[in-house]
Amino acid sequence: MDLTREEEAILNGEEGEGKQKAMELVTALGKIYGAEDLIDITSAHLSGASYKTIGDGGLKYLEDMAAGGARVSVLSTLNPVGMDRTRWAEMHITPEFAEKQLRIIDLYGQMGLRTTCSCTPYTGANVPSFGDHVAWAESSALSFVNSFIGARTNREGGPGALAAAILGKTANYGLHLDDNRRPTVVIDADIDGSVFSYSLLGQAVGMAIGSGVPYFRGISPETEEAKALSAAMAASGSVALWHAEGATPEAGSFDVSGLEEVSIGEEELKAAYDKLNTVDDVQLIAIGCPHLTDKEMHQIAAFLKGKRKVNKDVEIWFCTSEEVRARCPEDVKVMEEFGPVLADTCMVVAPIEGAFQRTGSNSAKAGNYLPTLCSQKAMCRDIPALMELVM
Amino acid sequence: MIVNGRTISPGKARGEVVMLEEPLSFLGGVDGSTGELRVGRGGNVAGKVLVFPKGKGSTVGSFVMYDLMVHGVAPAAVVNESAETIVATGAVISSIPMVDSVPTVYMFQDGDMVTVDADAGTVDIEGVEMRDTVSSAVMVDGKVLLLKRPDSCHSFPGMWSLVAGKIEPGETPEQAARREIAEETGLKVGEPDATTKPVHVREGKVLWRVHPFLFRLDAVDPVLNDENEAFEWVSPEDIRSRDTVTDTFLVVDRMLNGQ
């Protein structure tokens, strides 16, 4: 790789072992993916925040990094953690888990990360601009900022993103380069336009193409729809960038004539729905994957207002960020009649498998990961249909 | 012999090889606190040079490697055919020397003593010598000529093989292929109709680097010399069911499919 004199010096350990290790990692990954050089980044977003997902090995790694004086040099945010910081007992979390989880948050804080822990940092804590190069590691969030904002990031891993955050640089390959941002397939979508239909569309596209850069026709997503679509395609496939005609900032700059065209309509959406639904009754309904936005909080509260939860056998969790929860006190009051509004955590990264075996959500992403990461049988329906189960 | 690869994680280490034929997920595949291997032939990775094609599975695998290091049971080094993010990340953060881009894990055997110089990107397999050979599929009417080696043959005795032999000093692989065919079958061949990348076959302390060729001929009558005791024309699919020299089916299949 073509390193500057300054980067070589860091690699040779002239700025300490912490930065040297970070440079070793960024250059090793760059080499694997054929990067020619490094590129400056304006922000980072890290996964690997839940004790459930990183375990004792990850915790020790963070202890050692923090003790070695590692500090991020650009705006850096953190993914959801395994529990609400204060309401973990309501999530059936053990004190031992809670202690280690709080330690992890503290260690990231020591390294200079903003410890609001959300998979939707682009709604407040960390908002890249068009054309910014960033190093993001949450599959749904990085697809959102790539696609809906026009920032540029690859699918970074947790330690890779931390190394990039320390250096303020990442390896320049893949989606940082113009050529790799071109659409590879045209998707003609026929959906009803609800947020849930974007989840199913994403699921169907991931199932149909796996990877690549889809170019959509026939949809006009706003933030919530783009969030659902990004999350679903990153979970059912490995899509990290998509374009939508007339709706995303880079869509107009490509000629898509001659590309393969795939139609997604009623039949494909039904197959996607069936794939995500493997059970008819649930013990937990968890909403907010990715985290609920202000607008979704208002909509859910408006829907629930005046209604009552009568089925006591089913628990309900609402998941959002600490910031959004703090901004929506009136909504929270209504929603709490149905179940806790939990901050900075979610059903995928929390150890729910200790307490539940069957979980419902409105998220295609959760529908993919609940069976594998949480040993759950999963249900995936829109919010009104889920709420009907308890009213 | 020294195998050239590529630096992924710097450092140097010497150790005994533990080799896996399949991609490895550290999460589930290795116990992070004991180093016990739960896949392949089992055993323990502590202090060993772990050789496998590439990583797979959960990204938590990087932290399992860190766990191994913390518990003092990390592999001394890692050697891959192609590095991916999870194992590369784990090796770098855990300061485990790692080299990738070796041609194939089949160059290695369990128990080999190797020195991994990850700074230079090389792996020295101690006491092993590489020998270049050719192996030619002579085809007539869709069938491949197989020769049976006598039981007294020092390499792969009693097995069926293509027309094979060592490359002499000063010879190109293609010249060696033509010479071996002429010597062992009396046949004359022109330009090869296909070839493919060399395959590596271990036989004890010898690593055979086999250069494959395919020659198509019209009806012919082979005349054997004393290096082989029988011949037979066999369809490519049927090679698999014969007791052949390692990878015979693979190289014929690759050449017929233009790989």
Side-chain angles (χ1 to χ4, degrees), chain A residues 1 11-13 17-18 20-35 46-65 68 70 79 104 137-139 154-164 166 170-171 173-174 238 349 369 372-373, chain B residues 5-11 25-35 45 53-74 77-102 118-119 121:
Chain A
M1 269 171 84
L11 192 58
N12 293 332
E17 199 189 341
Q20 182 182 24
K21 276 269 163 238
M23 187 58 86
E24 281 177 10
L25 184 49
V26 167
T27 53
L29 296 174
K31 214 183 277 183
I32 293 171
Y33 295 103
L46 275 62
S47 60
S50 167
Y51 174 61
K52 169 179 156 170
T53 58
I54 68 171
D56 288 323
L59 173 55
K60 185 71 173 76
Y61 167 66
L62 295 173
E63 294 274 8
D64 292 346
M65 289 291 285
N79 236 18
I104 289 170
E138 154 59 35
S139 67
N154 288 311
R155 287 167 70 102
E156 300 266 0
L162 177 57
I166 290 168
T170 194
Y173 68 93
S238 58
V349 296
Y369 289 131
T372 55
L373 298 180
Chain B
R6 181 173 70 161
T7 306
I8 294 296
S9 173
S25 168
F26 271 88
L27 183 68
V30 184
D31 185 311
S33 51
T34 65
V45 302
K54 61 177 182 176
K56 67 165 188 178
S58 166
T59 53
V60 182
S62 307
F63 294 129
V64 174
M65 293 175 76
Y66 200 82
D67 224 7
L68 291 168
M69 186 266 287
V70 168
H71 286 91
V73 291
V78 168
V79 177
N80 276 183
E81 289 174 10
S82 58
E84 49 61 69
T85 305
I86 302 164
V87 175
T89 298
V92 171
I93 66 175
S94 316
S95 301
I96 300 170
M98 176 173 174
V99 166
D100 86 333
S101 300
V102 299
D119 297 329

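Bear in mind the structure is a predicted one, so any value in this text is a computation, not a measurement. Atom set for the values below is all heavy atoms of this structure, side chains included, hydrogens, waters and symmetry mates excluded. Sequence lines set the chain letters: A, B, ... in the order given, protein chains first and strands last, and positions in each chain run from 1.
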Legend entry - Residues of residues 54-66 of chain B with any heavy atom under 4.5 Å of a heavy atom in chain A: B/Val60, B/Phe63, B/Tyr66

Legend entry - Between B/Ala83, B/Ser101, B/Ala88, the one whose heavy-atom pairs under 4.5 Å with chain A are most numerous: B/Ala83

Legend entry - Heavy-atom side-chain proximity of A/Leu25 to A/Pro159 below 4.5 angstrom: yes

Inset, instruction - Under the side-chain contact (heavy atoms from CB on, under 4.5 Å) rule, what do A/Val349 and A/Asn79 come out as? Steps first, then yes or no, please. - result: CA-CA 10 Å; A/Val349 296; A/Asn79 236 18; 5.9 Å; no

Inset, instruction - For B/Ser95 and A/Lys21, run side-chain contact (heavy atoms from CB on, under 4.5 Å): C-alpha distance rounded to whole Å, both residues' side-chain angles, the deciding distance at 0.1 Å, then the answer. - result: CA-CA 9 Å; B/Ser95 301; A/Lys21 276 269 163 238; 2.9 Å; yes

Legend entry - Residues of residues 26-34 of chain B contacting chain A, heavy-atom criterion under 4.5 Å, by residue number: none

Inset, instruction - Drop me the distance from A/Gln20's CD to A/Met23's CE, to the nearest 0.5 angstrom. - result: 10.0 Å

Inset, instruction - For chain B, find its close neighbours in residues 52-60 of chain A: heavy-atom separation under 4.5 Å, sorted by number, or none. - result: A/Thr53, A/Ile54, A/Asp56, A/Gly57, A/Gly58, A/Lys60

Inset, instruction - Check A/Gly157 against A/Ala137 and note the closest heavy-atom contact, atom names and distance. - result: O-CB, 3.9 Å

Inset, instruction - Report yes or no: does B/Ser9 contribute a side-chain atom to a donor-acceptor pair with the main-chain N or O of B/Ile96 at less than 3.5 Å? - result: yes

Inset, instruction - Look up atom OG1 in B/Thr89 and atom CD in B/Glu84, then write down how far apart they are to the nearest 0.5 Å. - result: 8.0 Å

Legend entry - chain A interface, residue from B/Val70, B/Val92, B/Asp100 that has the most non-hydrogen pairs under 4.5 Å: B/Val92

Inset, instruction - Look only at the side chain of B/Ser94 and the backbone of B/Ala91, and say whether a donor-acceptor pair between them is shorter than 3.5 Å. - result: no

Legend entry - From OG1 (A/Thr170) to CG (A/Leu29), nearest 0.5 Å: 8.0 Å

Inset, instruction - Kindly write out the residues that satisfy side-chain hydrogen bond (donor to acceptor under 3.5 Å, both in side chains) with B/Ser82, not counting sequence neighbours, or none if the list is empty. - result: none

Inset, instruction - With rounding to the nearest 0.5 Å, note down the distance linking CD in A/Glu156 to CD in A/Glu138. - result: 13.5 Å

Inset, instruction - Taking the side chain as every heavy atom from C-beta outward, state whether B/Thr85 and A/Arg155 have any atom pair closer than 4.5 Å. - result: no

Inset, instruction - Hey, could you give me the CD1/CD1 distance between B/Ile8 and A/Ile32, rounded to the nearest 0.5 Å? - result: 4.5 Å

Legend entry - Heavy-atom closest pair, residues B/Met69 and B/Ile93: CE-O, 4.3 Å

